[in-house]
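Working notes for the structure below.
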Protein chains: 2
Amino acid sequence: MAKKTEDDGQASKRHFAEDVGLTFEAEGMPRMAGRILGWLLVSETPHVALQDVAEILHASKGSISTMSRLLMRMGLIERVSLPGERRDYIRLKPGSWSEWFATEAVKIGALRQLAEHGLELLESKSSVSRDRLVEMRDLFAFLEQEYPVLLERWKKKRR
Amino acid sequence: MAKKTEDDGQASKRHFAEDVGLTFEAEGMPRMAGRILGWLLVSETPHVALQDVAEILHASKGSISTMSRLLMRMGLIERVSLPGERRDYIRLKPGSWSEWFATEAVKIGALRQLAEHGLELLESKSSVSRDRLVEMRDLFAFLEQEYPVLLERWKKKRR
DNA sequence: TAGTTTGTTTAGTCAAGATTGAACGAATTG
DNA sequence: CAATTCGTTCAATCTTGACTAAACAAACTA
């Protein structure tokens with residue numbers, strides 16, 4: 001039983017981290033970044049040392065260093081340094097998912113702009129192609145406007 | 001002037017297609033698929049022959065074939081065959097953007113499931129890690145529910 | 001049927017970028 | 001100060017997958 005407690009379901013948790021890695025990769029991000037995120041999600045400590053992450057995921061210190069900095073740029077994790085401690089720690093950033101969602105709105109805005117740019121290139125007023133771009137622009141403009149509203153509603157509901 | 005009409009702003013349109021290609025690539029999709037989509041967006045004809053796309057984008061028939069089939073799987077374009085015509089044509093699928101948005105909801109659902117799976121792995125009831133996953137699951141569950149509502153509102157507004 | 005004109009498939013090339021390992025620098029400890 | 005323990009950086013490797021070109025298949029034409 002002592003062994004069981006020490007293990008603490010590591011195997012399945014590592015598997016979970018791998019799952020998140022694959023999901024991340026499917027979204028066009030580095031798999032290792034997803035693995036780190038996945039591990040942080042199920043590690044039952046307030047924060048984790050970079051080095052431990054490398055060991056647990058069987059990865060090099062280098063990739064952990066690089067990918068954790070990527071996750072920081074994305075606003076999903078943050079660094080924690082403890083006084084009188086040599087090691088660096090990372091943890092999930094509280095409220096990071098809302099922040100992630102906010103960046104989705106930005107992406108949507110970029111697509112709206114793209115459609116607008118396309119519209120400028122159409123010289124004929126013919127409805128065929130113009131309609132398509134207008135539909136695209138309108139949808140993304142709509143979403144761009146509604147995403148923040150949605151986010152606000154969720155934040156309110158959360159309390 | 002004749003030349004100008006024939007050209008029809010091809011240069012800037014090709015540039016636009018390239019832009020969409022880069023945007024697509026940034027989202028983790030093949031650049032060529034984005035280029036095709038981009039060209040369809042600004043080509044002022046109801047449909048375009050596969051072969052013409054290959055020529056205009058300076059790409060091989062092979063990649064156009066493969067990537068247009070990818071775009072079809074994504075529900076963004078569709079094939080058009082004309083009676084007594086040898087060539088195959090493609091065009092943007094009407095209403096494809098709404099469909100695309102619907103698939104976003106599916107992705108969100110996958111993330112909610114991931115969070116749920118993670119929660120199953122936590123044996124301690126300690127709030128530290130559990131809270132994080134609960135927040136994640138709640139947000140995605142919320143979005144999963146609200147996306148279709150949003151879409152419905154847009155469709156209604158559109159008329 | 002033979003000859004074209006198309007799209008598809010497949011093997012191969014190539015580039016991008018994820019990952020590693022080693023060298024490095026900074027900070028800490030004895 | 002020497003030794004240790006970290007994280008970071010960088011060159012090298014390796015893998016993935018986009019893309020091409022050529023062979024192929026299918027549909028049409030004469």
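Quick note on labels: first sequence line is chain A, next is B, and so on, each numbered from 1.
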Distance test, side-chain N/O of [X] to OP1/OP2 of [N], below 4.0 Å:
X	N	result
A/Ser63	C/dT19	no
A/Arg35	C/dT19	yes
B/Gln51	C/dG7	yes
B/Arg69	C/dT9	yes

### Query
Atom CD of A/Glu18 and atom CH2 of A/Trp39: how far apart are they, to the nearest 0.5 Å?
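Reported value, rounded in 0.5 Å steps: 12.0 Å.
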### Message
If I take atom CE from residue B/Met29 and atom CG from residue B/Leu76, how far apart are they, to the nearest 0.5 angstrom?
### Response
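So the gap between those two atoms works out to 9.0 Å.
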### Message
Using whole Å, what does the distance between atom P of nucleotide C/dG7 and atom CG of B/Leu70 come to?
### Response
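Checked: the CG to P distance equals 18 Å.
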### Message
Using a heavy-atom cut-off of 4.0 Å across all strands, would you classify B/Arg87 as base, sugar-phosphate, or nothing?
### Response
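Touches sugar-phosphate only.
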### Query
Hey, does B/Ala59 reach any base, or is it just sugar-phosphate, or nothing, if we go heavy atoms under 4.0 Å?
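Counting heavy atoms under 4.0 Å across all strands, the contact made by B/Ala59 is with sugar-phosphate only.
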### Query
Can A/Glu116 and A/Arg112 be counted as an ion pair, charged N to O under 4.0 angstrom?
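A salt bridge links A/Glu116 with A/Arg112.
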### Task
Inspect the contact between A/Glu135 and A/Arg132 and indicate whether a charged nitrogen and a carboxylate oxygen are less than 4.0 angstrom apart.
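Looking at A/Arg132 and A/Glu135, the cut-off is not met.
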### Task
Please determine, for the side chain of B/Pro30, which listed nucleotide (D/dC19, C/dT9, C/dG21) has the closest atom?
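So the nucleotide nearest the side chain must be D/dC19.
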### Task
Taking only the side-chain heavy atoms of A/Lys61 (C-beta and beyond), determine which of D/dG7, D/dT20, C/dT28 contains the nearest atom.
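For A/Lys61, the side-chain atoms sit closest to D/dG7.
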### Task
Tell me which of B/Gly62 and A/Arg79 sits closer to the 5' end of DNA chain D, going by the nucleotide each one is nearest to.
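It is A/Arg79 whose nearest nucleotide is closer to the 5' end.
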